[in-house]
Amino acid sequence: MQSGSAGLVLLALANCGQKTALPPIDPAYGFTVLSPSQQTVIHAVASAMLVDAFSPAQERAGALAATVRGVDVAVSRLPLGTQAEFGQLLQLLENPLTRWLTTGIGSWSDAGDTRVAAFLDRWRYSRFTLLRSGYDALHQLVMAAWYAQPAAWTAIRYPGPPNIA
Amino acid sequence: MTAVPDPIAAGLARGWHAYDASRLASDIAVDTDVVIVGTGAGGGTAAEVLRKRGHGVILVEEGPLASSSDFHMRESEAYPNLYQESAGRRTADKGILILQGRSVGGSTTVNWTTSLRTPPAVLDYWGTHFGLNDYSEVALEPFFAEREARLNVRPWPVQNENNGILLRGARKLGIATSVVPRNVKGCRNLGYCDLGCPVNAKQSMLVTTIPAALDAGAVLYSRLRADAFVLSGDRVTSLTCSAIDAAGVRLTGRRVTIRAKVFVAAGGAIGSPALLLRSGMPDPYGVLGTRTFLHPTVISAAQMPQKVDGFSGAPQSIYSDHFLGLDQPDGPIGYKLEVPPLHPVLVTTSTPGFGSDHARLLAGFDRLQVTIALMRDGFRPDAAGGTVRLRKDGSPVLDYAITAPLWDGMQRALVTMAEIQFAAGARGVLPLHESATIATTLAQAKTMIGGLPLEILRLHVASAHVMGGCGMGADPRTSVVDGSGRHHQVRNVYAFDGSVFPTSLGANPQLSIFAIVARNAELLARELA
């Protein structure tokens with residue numbers, strides 16, 4: 001019946017007549033995508049990529065932790081297919097054998113910034129597009145996660161958005 | 001402290017039929033005259049025209065209904081909320097980064113306000129090669145003029161330093177430049193157009209045609225993805241849709257079915273071809289999704305002695321068509337020169353390298369000038385664009401191979417940009433390529449550029465203009481829709497968006513979409529009457 005189905009439609013829509021609540025970005029909510037092992041990988045990569053990115057006053061451990069959380073938030077908003085692709089990339093880096101084959105690194109905790117930087121360079125200039133795109137994905141996520149944060153802006157002399165009040 | 005009035009909040013308070021499908025508690029079925037998929041340049045324009053003529057309109061938008069109160073000028077928010085794939089969409093081989101909008105207003109909500117007419121030489125080319133004889137400069141003039149008036153398009157009289165450097169460097173070399181016309185009203189020259197205009201100055205679809213359509217009784221569902229048209233014989237009878245969650249990532253499981261007389265694909269290039277592919281639309285000559293163009297863009301960064309502060313001021317106020325090459329469209333691929341807004345994430349992710357070198361370069365962020373060169377693809381058989389395909393989950397991916405003439409154009413463009421930047425006083429120039437180093441003289445730059453490997457994921461290539469895939473034309477063997485945007489085989493389906501362009505435009509697309517859709521939506525409205 002016309003009015004019946006219209007009524008059902010109205011009921012269904014009753015709760016919808018507002019703007020979309022855009023999800024909060026505050027990473028204090030805790031990790032939703034990256035497992036502890038994946039967090040370790042991202043932390044090691046971020047540490048090497050952001051060498052010298054922090055200003056002297058900045059507490060390095062805190063800044064890196066914020067970057068890893070930022071990557072988690074960013075990945076959680078990607079299309080599911082892309083999240084799966086990223087998961088495969090991380091799997092490559094978590095698995096001890098494939099990690100050693102593609103990066104030369106035994107364990108992340110022993111690697112240190114110099115060894116991690118060497119593997120990143122290897123991927124960056126690789127003749128395999130798969131590794132170049134893996135490097136690019138890590139570069140994009142790490143740089144975005146750190147430089148989206150206001151804490152990053154002093155070092156690059158960015159004053160932040162203007163006050164429009 | 002006076003808050004900026006939010007026209008969307010005001011409209012909702014007035015009783016707009018605007019529904020957030022992420023909150024649907026059950027499946028629904030609705031009826032209308034015309035369903036429009038997409039609320040961007042094409043969808044917004046069409047909705048206002050059709051609603052004004054009294055036709056029932058339902059708009060379907062997979063992005064959120066966001067507005068000025070949400071636009072905090074933060075990249076961390078804008079990219080996931082307002083862009084396709086968090087501003088990380090890439091071509092199939094990952095070689096090209098694609099920026100497209102995903103929210104009510106589409107790419108017009110996040111574009112940089114540049115409003116340029118279709119170059120007459122491109123319209124001529126369409127007439128000659130695609131039988132689009134009604135698309136002359138003279139015939140389209142009234143539509144361009146009307147849309148320019150509707151959206152307050154005017155030349156922007158000032159330049160931020162990022163644009164000023166392009167202007168002065170070009171002038172020194174005798175390279176002609178032009179002033180960018182912008183669709184803005186009450187613009188405060190902030191520079192955050194790409195993150196959503198926080199003061200509603202940008203006359204995007206979000207603050208113009210969509211509110212007009214909604215005020216006139218149109219219905220809008222946001223966070224609703226159009227899955228497929230349902231065909232019955234040679235006509236479409238309904239559109240099936242799936243609701244998306246508030247984060248824009250997962251389907252909620254709720255479905256919406258919309259029955260209508262006419263179905264309009266306005267999901268943009270990539271989006272509209274994907275919808276037609278998922279629908280299994282007849283495609284006897286295999287043209288659907290092909291001839292998708294990108295204006296593939298290469299980038300040159302320059303270190304200036306003076307402060308540039310490229311994050312501030314209208315992002316685009318100067319451009320140059322000096323190298324566009326439209327006098328010989330099928331000759332060597334020409335390019336348009338412009339500059340982009342410079343925000344922290346955009347710049348730091350685009351700048352090659354990491355560690356100390358990267359940090360040192362970025363310490364000079366406030367003195368960086370960046371110039372971009374957009375390749376005019378689609379005018380030669382060996383630069384015939386890419387093809388939209390569907391992944392297993394039904395999502396679209398663009399397969400676009402960069403061919404030799406495009407690499408050649410890109411290499412020439414990098415040299416041109418270095419010349420202009422040094423002429424303007426640059427101390428160092430860095431083409432964005434993984435193997436590039438900072439050149440301190442033009443001779444050094446030229447030698448380096450000549451030796452850079454021209455390969456994907458080495459040379460940085462991006463696109464902010466996606467065009468084609470449901471190309472217009474008189475001949476069904478080489479086009480998907482006719483000159484009025486009507487599908488050649490299924491006569492109650494239309495494409496009203498940038499997917500109809502038979503070639504790239506050599507110009508930023510929004511005004512071309514506004515004018516062509518205004519024309520075609522008017523034709524449709526009269527036919528339906």
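Numbered from 1 within each chain, the chains take letters A, B, ... in sequence-line order.
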Does any heavy atom of chain A fall under 4.5 Å from the side chain of [X], the backbone, both, or neither of them?
X	value
B:Ile456	both
B:Glu434	both
B:Arg254	neither
B:Arg90	side chain
B:Val249	both
B:Arg74	side chain
B:Pro352	both
B:His72	backbone
B:Ser395	neither
B:Thr351	backbone

Which atoms of [X] are under 4.5 Å from chain B, going by heavy atoms: the side chain, the backbone, both sets, or neither?
X	answer
A:Ser133	both
A:Asp121	both
A:Phe54	neither

For each of A:Gln83, A:Met143, A:Arg132, tally heavy-atom pairs with chain B at distances under 4.5 Å, and name the one with the top tally.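 Top count of heavy-atom pairs under 4.5 Å with chain B: A:Arg132.
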
Inspect the surroundings of CZ in B:Arg391 and state if more than 12 heavy atoms from other residues, nucleotides or ligands are less than 6.0 Å away.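 Buried by this count: over 12 neighbours within 6.0 Å.
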
Find the one option among B:Gly15, B:Ala359, B:Ser356 whose heavy-atom pairs under 4.5 Å with chain A are most numerous.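 When all of B:Gly15, B:Ala359, B:Ser356 are compared, B:Ser356 has the most.
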
Winner by heavy-atom pair count (cut-off under 4.5 Å) against chain A, out of B:Glu85, B:Lys94, B:Arg458: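 Heavy-atom pair counts peak at B:Arg458.
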
